[in-house]
Amino acid sequence: MSVFAGAFLAIFGALISWLLAARYPAARFMRLGYGLMTLGGLLFVLWSFERLTAIGIGALAVLLLGGIFGIVGAVRKELRMYPLV
């Protein structure tokens, strides 16, 4: 099951990252976040075959980092559209 979940994360992350690069080139943080999601998905696929704890923890850390970059990118976009000042 983790093979399919990792493959879904990798394909979805790559597709959205490519879409952001093509349509919104200024969305660097969100593109980086989805790129890290792709890498995390590939690491999860590798982990499902190897079953090494370090690979699983690394995949989880990469996905967490990708989520943080995605949140930062979304907040930056909102602050550009609706400034606080």
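Heavy-atom basis, side chains included; hydrogens, waters and symmetry copies ignored.
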Show me the donor-acceptor pairs, under 3.5 Å and distance only, between side chains in residues 46-69 and residues at least two apart or in other chains.
from, atom 1, to, atom 2, distance (Å)
Trp47, NE1, Leu52, O, 3.4
Ser48, OG, Val45, O, 2.6

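- Residue Leu36 holds its CG atom at 10.5 Å from CG of Leu43, rounded to the nearest 0.5 Å.
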Contacts table for residues 5-31: side-chain donor-acceptor under 3.5 angstrom, sequence neighbours left out:
from, atom 1, to, atom 2, distance (Å)
Arg31, NH1, Pro25, O, 3.4

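- In the hydrophobic clustering, where aliphatic and aromatic side chains (Ile, Leu, Val, Met, Phe, Trp, Tyr) are joined below 4.5 Å either directly or transitively, Met81 groups with Tyr82.
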